[in-house]
Amino acid sequence: MIISMRLHSTKEEIEQVCERIRDFGYKIHAIEGEERVVIGAVGTGDTTACLESVEAMPQVEKAVRISAPYKFVSREYRSERTRVRVDGCEIGGDEFVVMAGPCSVESEKQIMQAAEGVARAGAKLLRGGAFKPRTSPYDFQGMEEEGLKLLAKAKRATGLAIITEVMSDRDVDLVADYADVLQIGARNMQNFALLKTLGKCSRPVLLKRGMSSTIKELLMSAEYVVAHGNPNVILCERGIRTFETVTRNTCDIVAVAVLNELTHLPVILDPSHATGKRSLVPALGRAAVAIGADGLIVEVHPAPEKAMSDGAQSLDMPQFQAMMRSLGPYIDLWKESRVTEAAAAV
Ligand code: PEP
Ligand code: MN
């Protein structure tokens with residue numbers, strides 16, 4: 001349930017309403033807003049009776065049931081976009097944000113070259129996996145804490161914020177010591193122990209869509225993190241598995257627009273894993289801007305032919321620079337549409 005209070009309600013009035021909600025067996029999850037306070041309540045009970053009772057209170061403007069099973073991430077709960085602040089930039093705000101870097105951190109030289117190159121081309125965050133989820137146990141598993149230290153060094157050298165994957169709830173504190181954003185990979189989208197732990201973490205989370213997950217399941221996973229206390233979640237479409245084999249995955253590009261209707265959380269696209277082929281990455285990147293994504297996460301490697309993972313889908317530096325240039329006119333239109341949207345909202 002969402003309960004909107006009248007403008008300038010007092011603390012006592014808000015507390016009276018909360019008391020009434022609790023009497024019906026619901027828990028107050030969040031109280032948001034300063035001038036106009038919105039109360040979010042969760043639990044099971046007689047919702048109709050509770051809504052009627054609360055709505056009859058003079059200080060309440062409106063009380064509504066949220067129909068979607070995901071509540072706090074829904075657009076019904078919050079109509080304006082969530083802006084996730086990351087070390088000087090904002091995802092979900094007025095800028096289209098590009099995150100770029102290699103699939104895996106492999107060596108100091110590799111990550112420093114990658115960081116300098118992507119920073120020069122206009123990326124705001126450096127990606128790079130230190131803990132790698134690999135299909136085969138014999139494949140490179142990542143440099144782990146050593147890799148995190150190299151990412152921190154690249155951050156010091158370039159000023160780029162760091163996004164890196166965490167695979168286990170045991171590693172959340174360790175990864176959060178080095179990273180600005182914690183990435184949850186497709187294979188872990190429904191690792192509920194991990195999602196709950198991330199709810200207690202102070203770092204923003206990038207949640208990638210599972211390769212066989214529906215949009216609703218993605219939103220339910222985001223709901224886990226938010227309901228457990230962390231509102232800073234960014235969603236990522238990275239392609240899903242279909243019968244098509246020409247591309248590594250099938251990019252559900254319209255998922256970006258669907259998510260923009262269903263949730264206030266920022267949505268970015270990963271054109272690298274969505275295609276598996278570097279030749280297709282720039283075109284899909286432009287499509288992401290055009291459809292209203294908030295950013296991209298792209299694999300870029302100083303020498304893709306030597307990459308220890310995902311070389312075939314990684315751009316080299318000149319290709320990444322060219323892609324960034326080709327996004328320019330699309331980003332100009334994107335900015336205009338954000339301004340129009342903001343004007344329509346007031
Ligand atoms: C990655 O970003 O390198 C990765 C493993 O992505 P995904 O979880 O989407 O497969
Ligand atoms: Mn990868």
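Counting starts at 1 for both ligands and their atoms, in listed order. This is a predicted model, so every value here is computed, not measured. Along the sequence shown, residues are numbered consecutively beginning with 1. Scope of the values below: all heavy atoms of this structure, side chains included, with no hydrogens, waters or symmetry mates.
Counting heavy atoms of neighbouring residues, nucleotides and ligands inside a 6.0 Å radius, atom CZ of R241 does not exceed 12 of them.
Per-residue contacts place C103 under 4.0 angstrom from the following atoms of ligand 1 (heavy atoms of the residue considered): 3 (O). Set against the non-hydrogen atoms of R127, the atoms of ligand 1 under 4.0 Å away are 1 (C), 2 (O), 3 (O). Per-residue contacts place G185 under 4.0 angstrom from the following atoms of ligand 1 (heavy atoms of the residue considered): 8 (O). Against a heavy-atom cut-off of under 4.0 Å, R187 is close to the following atoms of ligand 1: 7 (P), 8 (O), 10 (O).
The residues E223 and K71 are annotated as not salt-bridged, no charged nitrogen and carboxylate oxygen being separated by less than 4.0 angstrom. Under the 4.0 Å criterion applied to side-chain N and carboxylate O atoms, R209 and E217 are not assigned as salt-bridge partners.
Among all protein heavy atoms, the one lying closest to atom 9 (O) of ligand 1 is R238 NE, 2.6 Å. What sits closest to atom 4 (C) of ligand 1 on the protein, heavy atoms only, is H273 NE2, 3.4 Å. Taking atom 8 (O) of ligand 1 as the reference point, the nearest protein heavy-atom neighbour is A186 N, 2.7 Å. Nearest to atom 6 (O) of ligand 1 among the protein's heavy atoms is K208 NZ, 3.0 Å.
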Inset, instruction - Test E13 against R6 for salt bridge (charged side-chain N to carboxylate O under 4.0 Å, His left out), laying out the working first. - result: CA-CA 10 Å; E13 287 171 335; R6 289 195 190 284; over 6 Å; no
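The aromatic rings of H264 and Y77 sit tilted, their planes meeting at an angle between 30° and 60°.
Ligand 1 has at least one atom lying under 4.0 Å from a heavy atom of K132. Distances shorter than 4.0 angstrom occur between a heavy atom of Q183 and an atom of ligand 1.
Checked against a 3.5 angstrom limit, the closest N/O atoms of E165 and ligand 1 fall outside it. Ligand 1 has no nitrogen or oxygen under 3.5 angstrom from a nitrogen or oxygen of D310.
Separating the CG atom in L265 from the OG atom in S74 is a distance of 9.5 Å, to the nearest 0.5 Å.
M317 is not listed as a side-chain neighbour of E116, based on a closest heavy-atom distance of 4.5 Å or more.
Between the side chains of S104 and S309, at least one donor N or O sits under 3.5 Å from an acceptor N or O.
With hydrogens and angles ignored, the 3.5 Å screen pairs no side-chain donor or acceptor of E237 with any backbone N or O of L269. The main-chain N or O of L195 is never found under 3.5 Å from a side-chain atom of H228 such that the two would form a donor-acceptor pair.
Listed by chain and number, the protein N, O or S atoms at a distance under 2.8 Å from the Mn ion (ligand 2) are C103 SG, H273 NE2, E299 OE2, D310 OD2.
The only member of R248, K277, R278, H301 that meets side chain to side chain donor-acceptor pair (under 3.5 Å) when paired with Q313 is R248.
Side-chain contacts under 4.5 Å among hydrophobic residues (ILVMFWY), followed directly or transitively, place V84 together with V86, I91, V97, M99, L125, I163, V181, L206, I234, I268, I297.
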